[in-house]
There are 6 protein chains.
Amino acid sequence: MKNEVFVGEGMKYVKEDCPDLYDAIVKLNDAVYTGRVLDYKTQKLMAIGIAAASGDTNATEKQMRSGMAELGITKDEICDVLRVVLLTSGMPPFTKAMKILYEL
Amino acid sequence: MKNEVFVGEGMKYVKEDCPDLYDAIVKLNDAVYTGRVLDYKTQKLMAIGIAAASGDTNATEKQMRSGMAELGITKDEICDVLRVVLLTSGMPPFTKAMKILYEL
Amino acid sequence: MKNEVFVGEGMKYVKEDCPDLYDAIVKLNDAVYTGRVLDYKTQKLMAIGIAAASGDTNATEKQMRSGMAELGITKDEICDVLRVVLLTSGMPPFTKAMKILYEL
Amino acid sequence: MKNEVFVGEGMKYVKEDCPDLYDAIVKLNDAVYTGRVLDYKTQKLMAIGIAAASGDTNATEKQMRSGMAELGITKDEICDVLRVVLLTSGMPPFTKAMKILYEL
Amino acid sequence: MKNEVFVGEGMKYVKEDCPDLYDAIVKLNDAVYTGRVLDYKTQKLMAIGIAAASGDTNATEKQMRSGMAELGITKDEICDVLRVVLLTSGMPPFTKAMKILYEL
Amino acid sequence: MKNEVFVGEGMKYVKEDCPDLYDAIVKLNDAVYTGRVLDYKTQKLMAIGIAAASGDTNATEKQMRSGMAELGITKDEICDVLRVVLLTSGMPPFTKAMKILYEL
């Protein structure tokens, strides 16, 4: 199982309290991250970019951390992702994500 | 110049009417899409994913079209991007983007 | 299977082209709409409200239609949902959803 | 007056400093939460769902707290609301809201 | 009454079907647009900018039209508003709003 | 250079680590805030309103602070901006921004 999304506190409660939902999420997570042509690392960069574009501090940090720890994604790679965030989503989510990245 | 974002009607009016702003956008676009480590195609997939996650029909279609025309991005690659959109952003933006992709 | 989310064009393509993902979505959909205490109709009202609050025209119309067809949800009930949308999300998503509701 | 939205710090300043606006908000709040067919509790669950779907930590916690204190809404009921958030809005707002719920 | 937000189809249905809610909205609208220090035109520019930043095509067009018709707001003024949208919210909402503006 | 957006931590890292991108952002920022007809202060109020409407706490506080320090924008002016946020974007971003404003 590609388990990067399951490290957060929120999922711990889901597992304990809603096992049916937890199982469905694990299955979906596996289906999502088993791309047919893109490798897992590229998909993970995607998740980092989408989290940063949405301006969600917690999700952005969690995705960056797990991408770096699990897949060896580098700061330079994330920085290139955030360049796209700047163009597509504006300054506030970009600078917020840069701050998160450089203070990891 | 990597000119994919400049095909839309909106940018035509910017070029004609606000040349100072147009120049700044061209400069920013070039800086954004000149990643240090990620190639242009990966950054373009990022732009497709972020557009789809935001639920913006026009932007999603424009990014998909230019990615396919300019960079040879395939439907299968975009489909793997949209898998991540499903997990991070929910069903509505995912199904909307799938419909756009399959009706291009 | 509670199948309301599967009527759209987008899901048709998922089913044909990504059967693994389709299966995971069906499983998740079933887990989501099998609440422990809230009935399906209340959860469906929830989905209508969230779609309307996000300003997504397609999703809002699809959720309203399936709620009315499958579960006998009335216009008055949806109107009471949209009152909450007004307070939490402002005039534009509220008036947009009211227009959709009254022109169904 | 259904006063749940008025507990926050922000509204305190509105009341002191912009009484005209405060009066209009009170009137709107009353009109919103006087649904014709849905009861107040169902509308409140809606407000919790919309807040959670938007990923707004403060609003989500405030709505959960007031729903539990004023209306006796249970954790299981909120959990069933959050299931819908997962499907419609993706993992990040869902896990964030689950964490808030279980740490209340 | 400053009635610009009431021209849309959505509000027509509210007036007919939910007069209590309609009255509350009229009162709120009046309180909102009776700023203490900013004039109505500056507040209207604000509404145009926020609508454009949110990427909502209908709301953006409606706000632009009513601002031009009621208050004599010019295309150049709106263009200066949209410059800020570009920086704060990225290319897609900016180019979308420029297209709307130039095709009014 | 109109430098208000450059005070944050995020931009410090951009300047050090991505000087090409930094230069492009400075150029864009200057082009954006050199409106043809609206003055800088009105554009700055626009940036405050858009940040508040998006519910982004950090961006809202940063924009308010720099607007007050650089341009002498008053609390009453910002309050009139936030009135528009209430109508267009709902209670949660409005009360959040009022709290930020009154606790600056």
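Lettering follows sequence order; numbering is per chain, from 1. Values below: every heavy atom of this structure, side chains too, minus hydrogens, waters and symmetry copies.
Checking side-chain atoms of Thr42(D) against main-chain N and O of Leu38(D) turns up no donor-acceptor pair under 3.5 Å.
Residues Arg83(C) and Asp80(C) are paired through a salt bridge, judged by an N-O separation under 4.0 Å between the basic side chain and the carboxylate. Ion pair Glu77(C)/Arg36(D) not flagged as a salt bridge, since none of the NZ, NE, NH1 or NH2 atoms sits closer than 4.0 Å to an Asp/Glu carboxylate oxygen.
Using a 4.5 Å cut-off on side-chain heavy atoms (C-beta onward), Tyr33(D) and Val84(C) make contact. Leu87(D) is not listed as a side-chain neighbour of Phe94(D), based on a closest heavy-atom distance of 4.5 Å or more. Counting only heavy atoms from C-beta outward, the side chains of Ile25(D) and Leu21(D) approach each other to under 4.5 Å. Side-chain atoms of Tyr22(C) and Met11(C), non-hydrogen and from C-beta on, do get closer than 4.5 Å to each other. At a threshold of 4.5 Å between non-hydrogen side-chain atoms, the residues Met64(D) and Lys75(D) do not count as touching.
Residues meeting the side chain to side chain donor-acceptor pair (under 3.5 Å) test with Lys15(D), sequence neighbours left out: none. With sequence neighbours excluded, the residues forming a side chain to side chain donor-acceptor pair (under 3.5 Å) with Glu61(C) are Arg65(C), listed by chain and number.
Within residues 45-54 of chain D, the residues having any heavy atom closer than 4.5 Å to a heavy atom of chain C are Leu45(D), Met46(D), Ala47(D), Gly49(D), Ile50(D), Ala53(D), listed by residue number. Residue-level contacts of residues 96-104 of chain D with chain C do not occur; threshold 4.5 Å between heavy atoms.
Looking only at heavy-atom pairs under 4.5 Å with chain D, the residue among Leu82(C), Val81(C), Leu86(C), Asp56(C) that has the most is Val81(C).
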